[in-house]
Amino acid sequence: MLSAVLTLPGCTSAQDDAAHSTHTPMPGASSSPSGTPASDRAENVAGETVAKAPVLPAGEVVAQTANASGNQEMEIRGGIKAGALSVLVNCQGEGKLTVSVDPVGLSFPLECVDGEVSSTFNQLDLKTNRTHGTVRVNAPSRVRWAITVGR
């Protein structure tokens, strides 16, 4: 299996708090064949769904929602701790979904399409604890999505 760590274009974070942010295709995702231009859209991963929240590869789940649509805000249980903060998102339906994590300033888009599930995994390494944290998803009502946030 080919594994890659890429910085997600359009991903923003607070520079004073974050050591670095990475974007990794979901487990089982394949790379584009050589010579094929890469899409701005995340990978389609066989078996992923929006009916269930994505499975966190390791760590503790601190926020999770499945089979949602439109805009939603979730509290991060226990606040934000120093170290890795992982965000896994699946979406389906025509439109762009945007995930924001406050107060650390992480924000990234995900292009969603009809007929298949788009998936992305982002991880932010944080230097300091925060007593409070929220994850905000903004999406058109025609886009269904599922998210898991973990540490």
Side-chain angles (χ1 to χ4, degrees), residues 1-31 38-93 95-113 116-140 143-151:
M1 177 182 352
L2 177 63
S3 178
V5 176
L6 306 170
T7 301
L8 179 65
C11 181
T12 61
S13 64
Q15 294 301 317
D16 62 334
D17 190 41
H20 67 280
S21 175
T22 59
H23 164 75
T24 305
M26 292 289 289
S30 59
S31 300
S39 166
D40 288 338
R41 195 174 66 75
E43 297 287 339
N44 172 266
V45 181
E48 286 297 321
T49 180
V50 295
K52 294 181 183 176
V55 176
L56 186 66
E60 171 193 5
V61 173
V62 294
Q64 195 170 51
T65 298
N67 207 23
S69 62
N71 301 336
Q72 188 169 331
E73 186 174 298
M74 297 161 278
E75 292 292 318
I76 296 176
R77 270 192 325 264
I80 297 174
K81 307 294 182 197
L85 181 71
S86 302
V87 182
L88 295 85
V89 184
N90 293 340
C91 68
Q92 185 175 28
K96 182 169 82 170
L97 171 147
T98 302
V99 176
S100 303
V101 180
D102 292 321
V104 297
L106 172 68
S107 179
F108 61 90
L110 177 59
E111 286 296 326
C112 310
V113 297
E116 62 183 49
V117 176
S118 300
S119 300
T120 191
F121 171 77
N122 284 277
Q123 183 171 329
L124 186 65
D125 292 319
L126 301 169
K127 295 178 183 177
T128 60
N129 292 334
R130 305 289 176 99
T131 57
H132 175 77
T134 58
V135 177
R136 183 175 299 111
V137 177
N138 292 320
V143 172
R144 290 181 40 231
W145 53 270
I147 188 170
T148 298
V149 179
R151 61 172 166 242

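Computed from heavy atoms alone, side chains included, the values below leave out hydrogens, waters and symmetry copies. The model shown is predicted, which means the values in this text are computed figures rather than measured ones.
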Could you list the residues that satisfy side-chain contact (heavy atoms from CB on, under 4.5 Å) with [X], not counting sequence neighbours?
{"X": "A82", "answer": "N129"}
{"X": "K52", "answer": "T49"}
{"X": "I147", "answer": "T65, M74, V87, V89, V99, V135, V137, W145, V149"}

Legend entry - Sidechain N-carboxylate O distance under 4.0 Å for E60, R151: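 R151 and E60: salt-bridged.
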
Legend entry - Straight-line distance of C91 SG to L97 CG, nearest 0.5 Å: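 If we round to the nearest 0.5 Å, C91:SG and L97:CG are 5.5 Å apart.
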
Legend entry - From OG1 (T131) to NZ (K81), nearest 0.5 Å: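 Separation between the atoms: 8.5 Å.
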
Legend entry - Note, V55 side chain near T148 side chain (heavy atom, < 4.5 Å):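 No - every pair of side-chain heavy atoms lies 4.5 Å or more apart.
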
Legend entry - Note, P103 side chain near R130 side chain (heavy atom, < 4.5 Å):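 Yes, close enough: below the 4.5 Å cut-off.
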
[X] and [Y]: which non-hydrogen atoms are nearest, and at how many Å?
{"X": "P140", "Y": "K96", "result": "CD-O, 3.4 Å"}
{"X": "E111", "Y": "S118", "result": "O-OG, 3.3 Å"}
{"X": "N90", "Y": "E48", "result": "ND2-OE1, 2.6 Å"}
{"X": "V50", "Y": "A146", "result": "O-CB, 3.6 Å"}
{"X": "S100", "Y": "S107", "result": "OG-OG, 3.7 Å"}

Legend entry - With sequence neighbours excluded, residues passing side chain to side chain donor-acceptor pair (under 3.5 Å) with R77: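 Applying side chain to side chain donor-acceptor pair (under 3.5 Å) to R77 gives none.
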
Legend entry - For N67, side chain to side chain donor-acceptor pair (under 3.5 Å) partners two or more places apart: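 Per chain and number, N67 pairs via side chain to side chain donor-acceptor pair (under 3.5 Å) with R144.
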
Legend entry - Side-chain (N122) to main-chain (L88) donor-acceptor, under 3.5 angstrom: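 Checking the backbone N and O of L88 against the side chain of N122, no donor-acceptor pair under 3.5 Å is found.
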
Inset, instruction - Give the intermediate values and the outcome of side chain to side chain contact (heavy atoms under 4.5 Å, CB included) for residues L124 and V101. - result: CA-CA 10 Å; L124 186 65; V101 180; over 6 Å; no

Legend entry - Results of salt bridge (charged side-chain N to carboxylate O under 4.0 Å, His left out) for E73 - residues two or more places apart only: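 In terms of salt bridge (charged side-chain N to carboxylate O under 4.0 Å, His left out), with neighbours along the sequence ignored, E73 is linked to R136.
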
Legend entry - Residue pair E75 / T134, side-chain donor-acceptor N/O under 3.5 Å: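 On atom types as modelled, these side chains do not qualify, holding no pair under 3.5 Å.
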
Legend entry - Polar side chain donor-acceptor pair, T98 to N138, under 3.5 angstrom: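 No donor-acceptor contact under 3.5 Å links the two side chains.
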
